[in-house]
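Comments concern the structure below.
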Amino acid sequence: RILPSVVVATGLCWSGIAAADNPLVTHIYTADPTARVFGDTLYVFPSHDIVEHDGLRGLNGFMMPDYHLFSSQDLMNFTDHGVILHQDQISWIEPNSFEMWAPDAVEKDGKYYFYFPAQDQIGVAIADRPTGPYVPRQSPIAGTAGIDPNILIDDDGTSYLFWARNHEIKAMRLKDNMVEGDMEPVIIGNLSKKYKEGPFVFKRNGLYYLTYPVDEHGNEEIAYATSDKPLGPYTYRGVIMDMWQDCWTNHHSIVQYQGQWYLFYHHHDLSFDASLRSMAADKLFFNADGTIQKVQPTRR
Ligand code: FUB
């Protein structure tokens with residue numbers, strides 16, 4: 001089921017990479033974008049919303065069968081490398097469950113590890129190149145019931161897996177093989193907000209930033225907390241992006257590319273349907289004390 005299609009989405013203008021003409025692509029619906037830099041290229045690993053299938057809608061109304069991979073070197077033109085993983089390749093889920101939710105991908109020792117949630121468990125597919133082919137392991141990662149995996153590789157090479165479960169954010173250190181836990185999972189406490197999911201952790205100037213969507217009022221805003229240790233304790237710092245009216249979810253990643261930080265996120269401006277979302281990006285700025293300035297979304 002690997003589709004070899006390559007589509008270049010053009011006509012996107014960042015006017016000197018100052019503001020995006022969001023959404024970033026319009027030929028398919030893309031949600032939960034994780035942006036990563038491998039070499040000199042920015043890759044985006046989003047999930048994929050499709051319209052209803054045979055009159056069905058999946059869990060929470062989402063229909064998410066597979067993952068496309070996108071790349072860009074100028075943040076104006078995004079190449080769609082086609083499907084890098086499809087639900088039919090995953091032996092440990094029910095057929096046609098359409099629950100291929102928010103993913104992440106990292107490089108370690110020349111291998112590319114693609115982490116994905118499916119039916120409330122977290123799997124890994126491995127490739128020799130960012131564009132694949134990705135070969136899924138035949139069982140999920142033990143001990144990781146939940147959704148929205150995110151990997152932090154620390155400066156000393158230690159890797160941590162974060163994910164969401166029952167409105168909490170959980171984490172554990174991984175073994176060097178990147179596919180097994182090296183400790184019992186812990187819950188990251190002190191985040192002080194209600195319904196949390198979609199963790200994205202990064203490190204800047206020795207400080208760990210745990211960023212996450214939180215549903216306080218029926219739609220998700222993106223909040224963050226900081227710590228001097230990867231597993232906390234974290235201190236809540238505030239909101240990075242206000243909630244979207246009517247879109248319900250937001251899901252993001254934060255990346256530095258060519259010296260500039262960016263927030264990738266999603267919204268439903270293209271469809272006006274909360275289960276048909278489109279990925280977007282805008283510049284993100286830090287204050288001198290390390291706090292993050294709120295990002296004003298550039299909307300369609
Ligand atoms: O895209 C499906 C789910 O919606 C994600 O896993 C959540 O983070 C939310 O965006």
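Numbering of ligands and ligand atoms starts at 1, following listing order. The basis for the numbers below is simple: all heavy atoms, side chains too, and nothing from hydrogens, waters or symmetry mates.
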Original post:
So is Met64 in contact with ligand 1, going by heavy-atom distances below 4.0 Å?
Top reply: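 Yes, that is the case, since the closest heavy atom of the residue is under 4.0 Å from the ligand.
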Original post:
Are Lys196 and Asp215 ion-paired here, with the side-chain N under 4.0 Å from a carboxylate O?
Top reply: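 Asp215 and Lys196: not salt-bridged.
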Original post:
Taking side chain as C-beta onward, heavy atoms only, is Ser72 less than 4.5 Å from Val44?
Top reply: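 When only atoms from C-beta onward are counted, Val44 and Ser72 do not touch, as no gap falls below 4.5 Å.
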Nearest non-hydrogen protein atom, [atom]:
atom	answer
atom 10 (O) of ligand 1	Asp32 OD1, 2.7 Å
atom 3 (C) of ligand 1	Trp101 CE3, 3.7 Å
atom 4 (O) of ligand 1	Arg277 NH1, 3.3 Å
atom 9 (C) of ligand 1	Glu197 OE2, 3.6 Å
atom 7 (C) of ligand 1	Asp148 OD2, 3.5 Å

**OP:** Give the ring-plane orientation class for Trp92 versus Phe116, where under 30° counts as parallel, over 60° as perpendicular and anything between as tilted.
**Re:**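 Plane angle under 30°, so parallel.
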Subject >> Geometric class of the Tyr134/Phe45 ring pair [parallel <30°, tilted 30-60°, perpendicular >60°] >> reply: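 Rings of Phe45 and Tyr134: perpendicular, over 60°.
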**OP:** Any atoms of ligand 1 less than 4.0 Å from a non-hydrogen atom of Ala102? List them with their elements.
**Re:**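 Those of ligand 1 that fall under 4.0 Å from Ala102 are 6 (O).
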Subject >> Atoms in ligand 1 with a heavy atom of His266 nearer than 4.0 Å >> reply: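 The atoms of ligand 1 under 4.0 Å from a heavy atom of His266 are 10 (O).
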Subject >> Lys NZ or Arg CZ of Arg237 over Tyr209 ring: under 6.0 Å, within 45° >> reply: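 Pair Arg237/Tyr209 does not count as cation-pi.
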Subject >> Lys NZ or Arg CZ of Arg204 over Phe286 ring: under 6.0 Å, within 45° >> reply: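 Yes, Arg204 lies over the aromatic ring of Phe286.
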Original post:
What part of Ala31, side chain, backbone, both or neither, has a heavy atom within less than 4.0 angstrom of ligand 1?
Top reply: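 It is neither; nothing of Ala31 touches ligand 1.
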**OP:** Apply side-chain contact (heavy atoms from CB on, under 4.5 Å) to Gln256 and list each qualifying residue two or more places apart in sequence or on a separate chain.
**Re:**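 If we apply the side-chain contact (heavy atoms from CB on, under 4.5 Å) test to Gln256, skipping adjacent residues, the hits are Trp261.
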